[in-house]
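One structure below.
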Amino acid sequence: MSDGFAGKACVMTGAGGGMGLAIACALRAEGCAVTAIDLKPEPPEFASAEGAAGRYVQGDATDEELVARTVAEAFDASARLDYLVNAAGVGWYDRDGSIAEMEMAIWHRVMEINLTASALMARHAVPFLRRTGAGGAMVHIASVVGLRNMENILENGPIDAYQASKAGLSALSRSLSMQLGPDGIRSNTICPGAVLTPMTAPTYEADPSRADAMIARTPLGRLGLPKDIAHACLFLLSDKASFITGIDLVVDGGIMAKL
């Protein structure tokens, strides 16, 4: 098998910005056709990316009818499907909080976006990955907080819906890895630490001390960047990772190396 992405096809969520956009652009630059679903308008970077095969669908990935139609159309356009990337996610730090106090409507919506949308994408991508018959790979963007509590959970407050949704995504990925292993289809998660994205930037800009604190907690001494996650994602999708499945790849600058 080749290590290249040329001539391959991917469906994904979250390409409207941040880590997802970095992943989409990196894949397209390698010649992979990328079909993306995101609520946000199509970013100029996606529209102008090298290797511009595929398309951008502005819509809600929690809409199963839209997901089913888009995945089927992506397969028809390329006559194959090789990869699924679930990068859509929300972290509503101003509304998420302790389950003892938060509005349950927030809990349900975070679960829909961060977990159910990924399940729907997998549900509808799997038949086409199998139909392609060349194996394939999935990468789901989870979080280090889905693996353990952050040390500042009491200082800045919990984000229970976000944390539980990311833990659920890791569990779903492990289950998929077992189910799909016989088909040669791999499923892994990436668990980022503190990454500077359009979602996190407003929090850090409103309180620069929070960014300083995260940098101080990170052994490598900086915030992560979307390209750091994109590099990890392309590795896990590639044939270089052909014997890797069912793992949570932590990309956090060393935060989880500490007790």
Side-chain angles (χ1 to χ4, degrees), residues 11-21 23 36-40 59-64 66-67 84-126 138-154 156-177 179 187-195 197-203 214 224 226 229 232-233 236 246-252 255-256:
V11 292
M12 70 175 294
T13 64
M19 292 179 276
L21 177 58
I23 292 166
I37 301 174
D38 201 297
L39 269 176
K40 294 183 286 293
D60 190 339
T62 68
D63 178 346
E64 186 168 6
L66 173 68
V67 168
L84 166 64
V85 176
N86 281 314
V90 293
W92 291 335
Y93 306 107
D94 58 334
R95 288 167 282 174
D96 201 341
S98 169
I99 192 61
E101 301 170 354
M102 68 187 298
E103 295 182 15
M104 288 308 298
I106 299 299
W107 171 276
H108 293 308
R109 186 57 179 158
V110 170
M111 287 294 174
E112 281 186 327
I113 297 169
N114 289 3
L115 181 55
T116 302
S118 296
L120 291 175
M121 291 293 292
R123 175 182 179 86
H124 292 284
V126 164
M138 301 177 178
V139 172
H140 319 275
I141 307 301
S143 171
V144 291
V145 302
L147 302 178
R148 66 178 65 162
N149 287 325
M150 297 299 290
E151 60 189 300
N152 61 333
I153 187 172
L154 298 181
N156 293 324
I159 44 174
D160 282 347
Y162 181 83
Q163 183 164 351
S165 68
K166 293 301 188 178
L169 188 55
S170 290
L172 175 63
S173 178
R174 286 192 294 274
S175 179
L176 289 169
S177 73
Q179 298 174 50
S187 180
N188 296 292
T189 72
I190 294 173
C191 296
V195 179
T197 69
M199 185 175 78
T200 61
T203 300
M214 288 307 303
I229 308 307
C233 183
L236 285 177
I247 70 158
D248 299 305
L249 177 60
V250 175
V251 184
D252 71 345
I255 290 173
M256 286 189 62

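Note that the numbering runs from 1 along the sequence shown for the chain. Since we're looking at a predicted model, the values are computed, not measured.
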Return yes if some donor-acceptor pair links the side-chain N/O of [X] with the main-chain N/O of [Y] below 3.5 Å, else return no.
X      : Y      : answer
Asp160 : Asp96  : no
Ser173 : Leu169 : no
Thr189 : Cys191 : no
Ser187 : Ser175 : no

Quick one: are [X] and [Y] in side-chain contact, heavy atoms under 4.5 Å?
X      : Y      : answer
Val139 : Ile23  : no
Arg174 : Asp248 : yes
Ser170 : Leu147 : yes
Arg148 : Met256 : yes
Thr200 : Val195 : no
Val126 : Met138 : yes
Asn188 : Leu249 : no

Locate the shortest heavy-atom distance separating [X] from [Y]; write the atom from each residue and the value.
X      : Y      : result
Pro192 : Met19  : CG-SD, 3.9 Å
Ala87  : Met12  : CB-CE, 4.3 Å
Ala161 : Met111 : O-CE, 3.8 Å
Ile37  : Gly59  : CG2-O, 3.6 Å
Tyr162 : Gly91  : CD1-CA, 3.9 Å

* Start with the C-alpha distance between Gln163 and Asn149, add both sets of side-chain angles, then the distance that settles side chain to side chain contact (heavy atoms under 4.5 Å, CB included), and finish with yes or no. => CA-CA 8 Å; Gln163 183 164 351; Asn149 287 325; 2.7 Å; yes

* In Å, rounded to the nearest 0.5 Å, how long is the span from OG1 of Thr116 to CZ of Arg123? -> 12.0 Å

* Asked: About how many Å separate CG of Asn114 and NE2 of His140, when rounded to the nearest 0.5 Å?
  ->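 So the NE2 of His140 and the CG of Asn114 are separated by 13.5 Å.
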
* Salt bridge Arg109-Asp60, side-chain N to carboxylate O under 4.0 Å -> yes

